[in-house]
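In what follows, a single structure is set out as structure tokens and then discussed.
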Amino acid sequence: MSDLRLGVLGAARIAPAALIRPAAAVDGVTVAAVAARDRDRAAAFAAKHGIPRVVGGYDELIADPELDAVYIPLPNGLHEQWALAAIAAGKHLLCEKPFTSNAAQARTVADAAAASPVTVMEAFHYRYHPLAERMREIVAELGEVRRVETAMCFPLPRFSDIRYQYSLAGGALMDAGCYAVHCARLLGPGEPVVADAKALLLKKDPRIDRAMTIDLRYPTGATGRVQTSMWSGTLLKIQAKVVGERGEMVVTNFAAPQLFHRLRVTVDGVRRSEKVPGAPTYEYQLRAFAAAVGGDSSANLTTAEDAVRTMTIIDDAYRAAGLPLRGER
């Protein structure tokens, strides 16, 4: 096929790292247009990042016959609306995480995707780096898994940020924690369920979690814990740990390993460290998206159905913590 032509919905801060720079490194992919609520902002964004066309609005971009696919980096609360619009227009879709505001919305989008020939991918970019597969291989060395712990904590003390707005489906679990939930699913022995959850709340809006700890239970009897924070005593922690009958694996910075990571393994009392070299995670993700659009469905490791399972755990954690689901009116 000819170049995969993508349009960007919104002049988001994440778009240069997540799509525009990777597209320059991936053959056969072009970022062809951008739309934003403010056309002047879109024009400035396009000029800065070398995007050839500015489109008048989101609806116009999705309907544009010169585009093959849409990238959605909008606030969480807008994902379902524009994902459904893109699928209905026959556009392939790369949607930022978290996929939607809640599991019911994710199911709606997944059903629409299943009824359409388009590719729909959730942008869990870490999953496409070789480190993710290497972690799975090492877990197999550990024997029966007994415990899985994942953490995604970083400081965001700017409480006016949209990631703290309930109306836009904000909260630490949604923004940071979805990575840790997804990784706990990736490395664990089967799909976990929520056993308990406790949250630290935003003072100005007690519906919003600034941090959360989730206890998980796997079908084998193994236990798990997810820790996430945008503001708590744990300022920075991005880690995955798996304990099995024969040893353990600890990975620091599974989310962006191209910047820095540490992988330590102990099996049968023998310790070792590994490095998994590779390009930026977003490049691997974009290559996989292009391959899936081109017909290789196995390249899509973060499908809409996978997103439903992640969002179900997130919903259950909010319920267990006594908080309303995101997207509830």
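Each residue takes its place number in the sequence, starting with 1.
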Any chance you could lay out the side-chain contact (heavy atoms from CB on, under 4.5 Å) test for Thr312 and Ile314, step after step, and finish with the verdict? CA-CA 5 Å; Thr312 297; Ile314 289 173; over 6 Å; no

Walk me through whether Leu323 and Leu201 qualify under side-chain contact (heavy atoms from CB on, under 4.5 Å). CA-CA 10 Å; Leu323 295 174; Leu201 306 181; 3.8 Å; yes

Just distance, no hydrogens or angles: give the donor-acceptor pairs under 3.5 Å from side chains in residues 15-27, sequence neighbours left out.
none

For Tyr179 and His125, what are the C-alpha separation, side-chain angles and deciding distance, and is it a ring pair (Phe, Tyr, Trp, His ring centres under 6.0 Å)? CA-CA 10 Å; Tyr179 280 101; His125 55 99; 5.6 Å; yes

So, the side chain of Lys275 versus the backbone of His261: is there a donor-acceptor pair under 3.5 Å, distance only? yes

To the nearest 0.5 Å, what is the distance between OG1 (Thr228) and CE (Met174)? 11.5 Å

Can you tell me how the ring of Phe124 sits relative to the ring of Tyr126, calling it parallel under 30°, perpendicular over 60° and tilted otherwise? perpendicular

When hydrophobic residues are tied together by side-chain contacts of less than 4.5 Å, even through go-betweens, does Ile208 share a cluster with Leu168? no

N-O pairing of Arg5 and Asp3 below 4.0 Å: no

Partners of Phe154 by ring-ring contact (aromatic ring centres under 6.0 Å, His included), sequence neighbours excluded? none

Side chain to side chain, Arg246 and Glu144, heavy atoms closer than 4.5 Å: no

Whether the side chain of Asn102 engages the backbone of Arg326 through a donor-acceptor N/O pair (distance < 3.5 Å, no angle test) should be reported. yes

Do any N or O atoms from the side chain of Arg147 and from the backbone of Val243 form a donor-acceptor pair under 3.5 angstrom? no

Got a sec, which residues hit ring-ring contact (aromatic ring centres under 6.0 Å, His included) with His92, two or more places apart in sequence or on another chain? none

Please evaluate residues Leu61 and Val70 with respect to the criterion side-chain contact (heavy atoms from CB on, under 4.5 Å), reporting the C-alpha separation (whole Å), side-chain torsions for both, the decisive distance (0.1 Å), and the verdict. CA-CA 8 Å; Leu61 184 140; Val70 171; 4.0 Å; yes

With the side chain counted from C-beta on, respond yes when His182 and Asp306 share a heavy-atom pair under 4.5 Å apart, and no when they do not. yes

With a 4.0 Å cut-off, would you call Arg107 and Glu305 a salt bridge? yes

Using the rule given for side-chain contact (heavy atoms from CB on, under 4.5 Å), can you reason through Val267 versus Leu142, listing the C-alpha separation, both sets of side-chain angles and the distance that settles it, and then say yes or no? CA-CA 6 Å; Val267 178; Leu142 302 180; 3.9 Å; yes

